[in-house]
A.B. asks: 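Input: one structure, supplied below.
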Amino acid sequence: MFSVCLEFLGMGSSILGSLLVMIACGLPTWKVSAFIEANIVVAQTMWDGLWMSCVFQSTGQMQCKLHESMLALNPDMQTARALTVISAVLSIVALMVTIAGARYTNCIGDDTVKARVVATGGVLYILSGLIVFIPLCWMANSIIVDFYSTQVPPSKKREIGSAIYIGWAAAALLLLGGTLLCCSSGTRGLRSDYPIKYVGTKTASSDKGKKHFV
């Protein structure tokens with residue numbers, strides 16, 4: 001029962017983390033314009049994402065433009081785009097592997113093999129979380145360094161956008177879900193590895209059939 005709860009919690013956390021990775025990948029709010037010095041009162045807000053850049057006007061209108069060339073992006077943007085896509089694809093593969101070894105499916109008959117398959121899915125989820133965590137930290141560090149740099153003009157300084165925070169939450173859920181799946185597969189075979197053996201009790205021998213001599 002304990003392993004079943006761990007498996008369901010791990011699956012739920014991992015699936016939610018995968019969805020958040022895909023949402024963060026598509027959002028254009030990885031970098032947002034910073035309101036400092038002369039930019040306290042501005043008529044527009046700049047958003048920079050992995051796939052597009054958007055300008056949000058104070059009137060409520062928004063215009064977005066896709067990045068025409070990947071090579072024209074900064075190295076942190078190029079790395080984030082590639083690793084985020086890889087993480088999303090790897091999480092989908094991990095979901096398929098985990099479902100194949102789950103208790104409520106009949107894809108695999110042997111319970112020991114199913115536990116190993118679930119553990120493999122958990123490892124893939126952990127790897128997916130680490131892959132998406134690297135570009136997020138790199139991007140955040142680049143934004144902070146440019147923000148405090150005196151060589152970068154205030155108009156080009158950016159702040160950490162909501163997509164990065166969503167990505168961090170996704171990485172945490174993927175790491176947690178993968179760990180729970182690995183733990184559930186480890187506790188699944190405890191009862192089967194040590195089966196309960198029942199030893200028959202000896203009945204008292206009856207005196208029937210015995211001859212009594214006087």
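Residues: numbered from 1 along the sequence shown. These numbers come from a predicted model, not from an experiment.
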A.B. asks: Would you check if the side chain of Glu159 reaches a backbone N or O of Val32 as a donor-acceptor pair within less than 3.5 Å?
C.D. replies: no
A.B. asks: Please check if the side chain of Ser14 supplies one atom and the backbone of Gly10 the other of a donor-acceptor pair under 3.5 Å.
C.D. replies: yes
A.B. asks: Would you say Tyr125 and Ser91 make side-chain contact, with heavy atoms under 4.5 Å?
C.D. replies: yes
A.B. asks: Check for me, please, whether Ile23 and Ile164 land in the same ILVMFWY cluster - side-chain distances under 4.5 Å, paths through other members count.
C.D. replies: no
A.B. asks: Any side-chain heavy-atom pair from Leu181 and Glu7 closer than 4.5 angstrom?
C.D. replies: yes
A.B. asks: List the atom of Ala163, the atom of Ala24, and the distance in Å for their closest heavy-atom pair.
C.D. replies: O-CB, 3.6 Å
A.B. asks: On a heavy-atom basis, which atom in Asp76 and which in Ser142 lie closest, and how many Å separate them?
C.D. replies: OD2-OG, 3.2 Å
A.B. asks: Considering only heavy atoms from C-beta outward, does the side chain of Trp30 approach that of Thr84 to under 4.5 Å?
C.D. replies: yes
A.B. asks: Hey, could you give me the OG1/CG distance between Thr79 and Leu136, rounded to the nearest 0.5 Å?
C.D. replies: 12.0 Å
A.B. asks: Report yes if the side chains of Leu83 and Phe133 come closer than 4.5 Å at any heavy-atom pair, otherwise no.
C.D. replies: no
A.B. asks: Write down the atom of Ala80, the atom of Pro135, and the distance for their closest heavy-atom approach.
C.D. replies: CA-CB, 3.4 Å
A.B. asks: Are Ile92 and Ser18 close enough that some pair of their side-chain heavy atoms sits under 4.5 Å apart?
C.D. replies: no
A.B. asks: Any heavy-atom pair between the side chains of Val55 and Met46 that's under 4.5 Å?
C.D. replies: yes
A.B. asks: Can you tell me how far apart CE (Met77) and NZ (Lys31) are? Round to the nearest 0.5 Å.
C.D. replies: 4.5 Å
A.B. asks: Can you tell me if Trp51 uses its side chain to pair, donor with acceptor, with the backbone of Cys25 under 3.5 Å?
C.D. replies: yes
A.B. asks: Considering all heavy atoms of both residues, which atom of Ala140 and which atom of Ile160 are nearest to each other, and what is their separation?
C.D. replies: CB-CD1, 4.0 Å
A.B. asks: If you round to the nearest 0.5 Å, how far is CD1 of Ile15 from CG of Leu95?
C.D. replies: 5.0 Å
A.B. asks: Using 0.5 Å steps for rounding, measure from the CG atom of Leu16 to the CG atom of Leu173.
C.D. replies: 5.0 Å
A.B. asks: Is there side-chain contact between Asp146 and Arg158, with at least one heavy-atom pair below 4.5 Å?
C.D. replies: no
A.B. asks: Determine, step by step, whether Ser184 and Val118 satisfy the side-chain contact (heavy atoms from CB on, under 4.5 Å) criterion, reporting the C-alpha distance in whole Å, the side-chain angles of both residues, the deciding distance to 0.1 Å, and the verdict.
C.D. replies: CA-CA 8 Å; Ser184 68; Val118 171; 4.0 Å; yes
A.B. asks: Hydrophobic clustering (ILVMFWY, side-chain heavy atoms < 4.5 Å, transitive) - are Ile131 and Ile134 grouped together?
C.D. replies: yes
A.B. asks: With a 4.5 Å cut-off on side-chain heavy-atom distances among I, L, V, M, F, W and Y, is there a chain of contacts connecting Trp168 to Met139?
C.D. replies: yes
A.B. asks: If you look at every heavy atom in Val97 and Gly121, which pair is closest and at what distance?
C.D. replies: CG1-N, 3.9 Å
A.B. asks: Taking Phe147's backbone N and O only, do any of them form a donor-acceptor pair with Lys157's side chain (distance below 3.5 Å, no angle check)?
C.D. replies: yes
A.B. asks: Using atom types as modelled and distance alone, determine if a side-chain donor or acceptor of Ser128 lies under 3.5 Å from a backbone N or O of Ser87.
C.D. replies: yes
A.B. asks: If you round to the nearest 0.5 Å, how far is CG of Leu9 from SG of Cys183?
C.D. replies: 11.5 Å
A.B. asks: Looking at every non-hydrogen atom in both residues, tell me the closest pair between Gly49 and His67 and how far apart they are.
C.D. replies: O-NE2, 3.0 Å
A.B. asks: In the structure I gave you, are the side-chain heavy atoms of Leu50 and Val85 within less than 4.5 Å of one another anywhere?
C.D. replies: no
A.B. asks: Quick one: pull up CG in Leu127 and CG in Leu175 and give me the separation to the nearest 0.5 Å.
C.D. replies: 10.0 Å
A.B. asks: Going only through I, L, V, M, F, W and Y residues with side-chain contacts under 4.5 Å, is there a path from Met11 to Leu174?
C.D. replies: yes
